Amino acid sequence: MSISIQNVDASSVSPVSEIDVGNAVRAARESYGYSVDDLAVTCGLTNREISDVEIGADTDPSKLRRIAAALQIAPSAFLTI
């Protein structure tokens, strides 16, 4: 059976909110023992950008990729369901 958009049951897919993504970023950062300052330096974003991501105010995919790379995890780790 092939997977296509036609045979995906929409009721089985849970949307991930920006706040959920932000919480996942914060949890990943903390699990690595990084402060916001440490992560900002490592991924090249500002402290404010990291904070905005963590509160769900900015979930720009390019920022999430940079953060994931700095933490050496897959960006999909932030898409907890």
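Note that the structure is a prediction, hence the values are computed from the model and not measured.
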Practice task
Look at the side-chain heavy atoms of Ile, Leu, Val, Met, Phe, Trp and Tyr, link any pair under 4.5 Å apart, and say whether Val25 and Leu79 land in one connected group.
Solution key: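 In one cluster with Val25: Leu79, yes.
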Handout entry: Linked, directly or transitively: Leu64 and Ile55 (ILVMFWY side chains, under 4.5 Å)
Key =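 No: no chain of side-chain contacts under 4.5 Å links Leu64 to Ile55.
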Handout entry: Shortest non-hydrogen contact between Ala24 and Ala77, atoms and distance
Key =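 In terms of heavy atoms, the two residues are closest at CB-O, 4.3 Å.
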Practice task
Specify the closest pair of heavy atoms between Gly44 and Arg66, including all atoms of both residues, with the distance to one decimal.
Solution key: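 Scanning both residues, the minimum pair turns out to be O-NH2, 3.0 Å.
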Exercise for the section: Applying side chain to side chain contact (heavy atoms under 4.5 Å, CB included) between Glu54 and each of Val36, Val21, Ile67, report the one that passes. Expected result: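 Among the candidates, only Val36 passes.
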Problem - Donor-acceptor side-chain pairing of Ser35 and Asp37 below 3.5 angstrom - result: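 Checked: Ser35/Asp37 side chains show no N/O donor-acceptor pair below 3.5 Å.
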Under a 4.5 Å cut-off applied to non-hydrogen side-chain atoms, are [X] and [Y] in contact?
X     : Y     : result
Tyr32 : Ile73 : yes
Leu45 : Leu39 : no
Arg26 : Asn23 : yes
Cys43 : Ile50 : yes

